[in-house]
Amino acid sequence: MTKTVLSRWAIRPGARCLEVGAGAGTVARWLAWRCPGGEVTATDTDVRFLTGLRHPGVVVLRHDVRTEEFPPGTFDLIVARSVLCHLRERDSVLARMVSWLAPGGRIHVEDPSFFPAASSVDPVVRQLGAAITATLAATLGSDVETWARSFPAPLLDQGLDEVGVRVHCSTLTSDNAAGTAWRLSVADLLPVMDQRGILPEAEASAALAHLERPGFIDVAHAMIAMWGVKPSDRGRKRRHAVDQTC
């Protein structure tokens, strides 16, 4: 979905791009290919998975978006996926990220929301979705319930132009990539769920077995993206049209 949205916009040669929370660098590498002669800064608080990233247009930087700055107007494009939802300071961090945009620069923010799990007809999916939401909130201060569901209001509040939003819901099965990622995430959180009394380990293990049974299929979470452009002329009337695509 990220590449689909970003592909709609022309990225000029020589553009300065930033990916916050770059993970393994797949999007950073793709952005470098999209803007020849430009520079993509790939940041994370943990750069272990970026050590193998080799591209002349990519700079890897250990950086904490909560406390470390870039000069105002540094970047033409900023991308942050599955980052702000996990930060208690998400509103102030977003405002600072917008300040790093050059006039006419664009920001793309993408985060998960577990509202599909909350409405699932499968009680096990509802139980796991609630347990994940509660565990992430208790341990990290994450909001995978209402933050992304509020999009695109946070960017409208920042005074950006050309604001848009897109929602993508992945189907989970017992053997597809999305289902595997969800099960691995649950397994990783399982001891914490048990320790904090959110979901006993025995129940969580039984729930994981439920997700692995042949024929399982559901939709557990949505990825919601919002984007906007920093106005280059503060004196003109802002464009508020919101492009809503599902």
Side-chain angles (χ1 to χ4, degrees), residues 1-5 19-30 44-53 79-87 90 109-149 151 166-225 246:
M1 183 185 80
T2 304
K3 292 178 180 179
T4 297
V5 174
E19 186 183 9
V20 177
T26 53
V27 170
R29 186 184 297 108
W30 180 81
D44 214 312
T45 54
D46 183 348
V47 297
R48 284 177 297 167
F49 303 110
L50 292 168
T51 55
L53 181 57
V79 178
R81 298 185 306 149
S82 297
V83 174
L84 295 185
C85 65
H86 297 302
L87 304 181
R90 58 187 67 89
V109 175
E110 187 177 326
D111 277 310
S113 175
F114 276 59
F115 72 84
S119 62
S120 173
V121 298
D122 188 328
V124 175
V125 173
R126 292 200 306 272
Q127 180 188 42
L128 281 178
I132 293 170
T133 299
T135 303
L136 291 175
T139 55
L140 299 176
S142 305
D143 182 352
V144 293
E145 189 174 17
T146 62
W147 161 248
R149 193 67 179 82
F151 291 0
R166 185 182 179 102
V167 182
H168 176 74
C169 295
S170 295
T171 301
L172 308 185
T173 71
S174 59
D175 58 1
N176 72 356
T180 300
W182 212 62
R183 292 196 307 276
L184 289 172
S185 297
V186 172
D188 191 48
L189 292 173
L190 191 149
V192 183
M193 292 177 180
D194 183 66
Q195 181 183 23
R196 289 182 172 263
I198 294 172
L199 186 64
E201 188 165 354
E203 289 186 36
S205 297
L208 280 175
H210 176 80
L211 301 184
E212 294 170 353
R213 77 189 194 282
F216 170 79
I217 184 169
D218 209 328
V219 177
H221 70 278
M223 291 300 294
I224 308 179
C246 295

Atom pair CD/CD of Q195 and E201 - distance to nearest 0.5 Å: 11.0 Å
All heavy atoms of R126 vs all of A118, minimum pair found to be CD-O, 3.6 Å
What residues form a side-chain contact (heavy atoms from CB on, under 4.5 Å) with D218, not counting sequence neighbours? S120, D122, V125, F216
From S174 OG over to L211 CG, what is the distance, rounded to the nearest 0.5 angstrom? 9.5 Å
Please list, chain by chain and in numerical order, all residues satisfying side chain to side chain donor-acceptor pair (under 3.5 Å) with E110, sequence neighbours excluded. T2, H108
Sorted by chain and number, sequence neighbours left out, side chain to side chain donor-acceptor pair (under 3.5 Å) with D175 holds for T173
Locate the shortest heavy-atom distance separating D188 from P191; write the atom from each residue and the value. O-CD, 3.6 Å
If you measure from OG on S170 to CH2 on W182, what distance do you get to the nearest 0.5 Å? 12.5 Å
Considering all heavy atoms, the nearest V20-V83 contact: O-CG2, 3.4 Å
With rounding to the nearest 0.5 angstrom, report the OG1 to NE2 distance, T4 to H168. 8.5 Å
Could you walk me through whether I198 and L189 pass side-chain contact (heavy atoms from CB on, under 4.5 Å), step by step? CA-CA 11 Å; I198 294 172; L189 292 173; over 6 Å; no
Suppose we screen for side-chain contact (heavy atoms from CB on, under 4.5 Å). Which residues come up paired with A222, at least two apart in sequence or across chains? F115, P116, V167, C169, I224
Kindly write out the residues that satisfy salt bridge (charged side-chain N to carboxylate O under 4.0 Å, His left out) with R48, not counting sequence neighbours, or none if the list is empty. D46
Partners meeting side-chain contact (heavy atoms from CB on, under 4.5 Å) with E212 (sequence neighbours left out): R183
Only pairs under 3.5 Å count here: list side-chain donor-acceptor contacts from residues 22-30, not counting sequence neighbours, and write none if there are none.
none

Show the nearest heavy-atom pair for residues G179 and L172, with the distance to one decimal. N-CD2, 3.8 Å
Compile the donor-acceptor pairs under 3.5 Å between side chains in residues 127-143 and protein atoms, sequence neighbours left out, one pair per line.
unit_1 : atom_1 : unit_2 : atom_2 : d
Q127   : NE2    : E203   : OE1    : 3.0
T133   : OG1    : G129   : O      : 2.9
T135   : OG1    : A131   : O      : 2.7
T139   : OG1    : T135   : O      : 2.8
S142   : OG     : H86    : ND1    : 2.8
D143   : OD1    : E145   : N      : 2.9
D143   : OD1    : T146   : N      : 2.8
D143   : OD1    : T146   : OG1    : 3.4
D143   : OD1    : W147   : N      : 3.4
D143   : OD2    : T146   : OG1    : 2.6
D143   : OD2    : W147   : N      : 3.2

